[in-house]
Asker: 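Okay, here's the structure, questions in a sec.
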Amino acid sequence: MNHIDLRSDTVTKPTDEMREAMARAEVGDDVFEEDPTVNRLQELAAAMLGKEAAMFTPTGTMGNQICIRLHTQPGQEVILEERSHIFNMEMSAMAVVSGTLARPVRGEDGVLDWRFIEPAIRKGNPHVADTGLITVENTLNLAGGVVMRIEAMEDICQRGHALGLPVHLDGARIFNAVTALKRDVSEIARPFDSVMFCLSKGLGAPVGSMIAGPREFIKRGRKIRRMLGGGMRQAGVLAAAGIVALEKMTSRIAEDHSNAQLLAKGLAQVPGIKLDPERVATNILVFEVDGPIDAKDLQARLKERGVLAIALDSRQMRMVTHKDVSRADCERALSAVQEAMK
Ligand code: TLP
């Protein structure tokens with residue numbers, strides 16, 4: 001059976017154009033910085049984000065962790081939203097790689113602003129560890145792809161900087177934020193000291209993420225990437241798909257958001273499902289299953305009906321729209337949910 005795969009936008013397959021670009025890619029040894037295609041991707045990403053430099057990383061997790069390592073000292077704390085990916089899904093890497101402790105705070109509906117961050121900041125108190133970094137995630141995955149406004153991001157950065165604190169953006173889905181906010185990606189990236197974004201999610205590239213920031217920061221980042229085993233050689237075959245992702249795939253993301261709306265409006269009508277379609281702003285839906293069956297049962301029943309989705313726990317379920325699910329697929333998925341919840 002051909003499944004409708006709503007587990008994640010990470011499941012997207014490279015387009016034909018990407019595969020052709022990959023086959024034709026000019027390559028070299030990227031540890032020597034001699035891969036022309038990787039260099040082109042890095043220059044393109046830096047220019048789009050308005051940063052001095054960028055670096056290709058194998059994964060978003062590695063990109064985030066390189067930035068945390070560069071910004072912090074062992075023993076410091078990192079403030080982040082309690083539902084953030086760095087806190088929940090990166091295998092406690094910030095403790096292992098950087099010797100830092102997460103200081104999670106809860107935003108309103110997943111959205112952080114200075115009110116929530118300020119009380120968690122520790123500086124100069126001899127009894128407690130200092131804060132070394134603030135991280136922000138936009139869009140915030142586990143809170144249902146919620147989007148943070150530019151003004152809130154600017155405010156956090158400005159106030160953080162005034163206290164001498166760097167601010168990192170986990171912008172895994174920055175182009176979903178761009179689409180929802182109708183702003184240029186450089187406007188979102190501007191106030192941050194470093195930004196990570198993924199090529200391998202909604203943009204459809206098979207592998208890879210980027211970090212961007214000041215030239216000196218990225219230069220130091222090359223060493224940390226290598227320390228983590230991410231110094232790749234003829235990576236141009238992967239970067240070639242990344243270039244197509246950045247040049248051709250950002251403008252179609254609105255389609256994913258409109259399919260997510262269709263799903264959200266339909267799901268909100270299903271007895272036993274709790275979801276406010278107004279809160280679905282991008283391509284991720286996180287909803288509660290509070291009916292005759294729980295989220296894990298729903299996941300199993302949907303799978304029998306050819307629809308894949310992820311139960312985050314026994315109550316919460318996540319669905320993600322992307323380029324490889326059509327509007328008709330979303331309609332079929334909705335019918336499957338209606339049947340499964342009966
Ligand atoms: N997210 C994946 C899973 O790991 C949960 C997904 O399916 O959504 N930041 C954010 C906000 C992410 O959502 C992810 C991946 C990452 C970082 C890490 O990217 P990768 O998987 O490339 O290490």
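The analysis underlying the following values was restricted to heavy atoms, covering all of them including side chains, and did not include hydrogens, waters or symmetry mates. Whatever order the structure lists ligands and atoms in, that order sets their numbers, starting from 1.
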Asker: What residue and heavy atom of the protein are closest to atom 21 (O) of ligand 1, and at what distance?
Answerer: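 Ranked first by proximity to atom 21 (O) of ligand 1 is Lys201 NZ, 4.0 Å.
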Asker: For atom 9 (N) of ligand 1, what is the closest protein heavy atom, and at what distance to 0.1 Å?
Answerer: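 Nearest neighbour among protein heavy atoms for atom 9 (N) of ligand 1, to 0.1 Å: Asp170 OD2, 2.7 Å.
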Asker: Would you call Arg315 and Asp313 a salt bridge, using N to O less than 4.0 angstrom?
Answerer: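 Between Asp313 and Arg315 there is no salt bridge, as every charged N stays at least 4.0 Å from the carboxylate O atoms.
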Asker: When you look for heavy atoms under 4.0 Å from ligand 1, do you find them on the side chain of Asn64, its backbone, both, or neither?
Answerer: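 The part of Asn64 near ligand 1 is the side chain, not the backbone.
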Asker: What's the shortest distance from atom 16 (C) of ligand 1 to any protein heavy atom, and which residue and atom give it?
Answerer: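 Its nearest protein heavy-atom neighbour is His85 CE1, 3.3 Å.
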Asker: Students should be able to answer this: which protein heavy-atom is nearest to atom 7 (O) of ligand 1, and at what distance?
Answerer: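 Going atom by atom, the protein heavy atom closest to atom 7 (O) of ligand 1 ends up being Ser8 OG, 2.7 Å.
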Asker: Less than 4.0 angstrom from a charged side-chain N to a carboxylate O is my criterion; do Arg159 and Glu118 meet it?
Answerer: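 Result for this pair is no, no salt bridge flagged.
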Asker: Below 3.5 angstrom, do we get any N/O pair linking Asn141 and ligand 1?
Answerer: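 N/O-N/O distance under 3.5 Å: yes.
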Asker: Under a 4.0 Å threshold between the charged nitrogen and the carboxylate oxygen, would Glu255 count as salt-bridged to Lys323?
Answerer: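 Salt bridge absent between Lys323 and Glu255.
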Asker: Name the closest protein heavy atom to atom 22 (O) of ligand 1, giving the residue it belongs to and the distance to 0.1 Å.
Answerer: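 Protein heavy atom at minimum distance: Gly60 N, 2.8 Å.
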Asker: List every atom of ligand 1 that sits less than 4.0 Å from any heavy atom of Glu137, numbering the atoms from 1 in the order shown and giving each element.
Answerer: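 It comes down to these atoms of ligand 1: 11 (C).
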Asker: Looking at Asp30 and Arg226, does any basic side-chain N land under 4.0 Å from a carboxylate oxygen?
Answerer: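 Answer for the salt bridge query: no.
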Asker: Identify the closest protein heavy atom to atom 23 (O) of ligand 1: which residue and atom is it, and at what distance?
Answerer: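 Closest protein heavy atom to atom 23 (O) of ligand 1: Thr61 OG1, 2.6 Å.
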Asker: So which protein heavy atom does atom 5 (C) of ligand 1 come closest to, and at what separation?
Answerer: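 I find the closest protein heavy atom is Met89 SD, 3.4 Å.
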Asker: Would you mind listing which atoms of ligand 1 come within a distance below 4.0 Å of any non-hydrogen atom of Glu90?
Answerer: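 Every atom of ligand 1 under 4.0 Å from some heavy atom of Glu90: 17 (C).
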Asker: Under the salt bridge (charged side-chain N to carboxylate O under 4.0 Å, His left out) rule, what do Asp294 and Lys296 come out as? Steps first, then yes or no, please.
Answerer: CA-CA 6 Å; Asp294 72 9; Lys296 299 224 158 108; over 6 Å; no
Asker: Below 4.0 Å from any atom of ligand 1, is there a heavy atom belonging to Arg318?
Answerer: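 So Arg318 counts as touching ligand 1.
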Asker: In terms of relative ring orientation, are His168 and His71 parallel, tilted or perpendicular, with 30° and 60° separating the classes?
Answerer: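 Rings of His168 and His71: tilted, 30 to 60°.
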Asker: Go through the steps for Asn138 and Ile174 under the test side-chain contact (heavy atoms from CB on, under 4.5 Å), then give the verdict.
Answerer: CA-CA 6 Å; Asn138 199 6; Ile174 200 169; over 6 Å; no
Asker: What distance do Asn283 atom CG and Asn176 atom CG have between them, rounded to the nearest 0.5 Å?
Answerer: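 Answer rounded to 0.5 Å: 4.0 Å.
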Asker: A quick test of your reading: do over 12 heavy atoms of other residues, nucleotides or ligands sit less than 6.0 Å from CD of Gln73?
Answerer: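 No - once you tally the heavy atoms of other residues, nucleotides and ligands closer than 6.0 Å, there are 12 at most.
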Asker: Under 4.0 Å from a heavy atom of Thr59: give me the atoms of ligand 1 that qualify, with their elements.
Answerer: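 Answer for ligand 1: 22 (O), 23 (O).
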Asker: Looking only at distance, does Arg173 have an N or O less than 3.5 Å from an N or O of ligand 1?
Answerer: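 N/O-N/O distance under 3.5 Å: yes.
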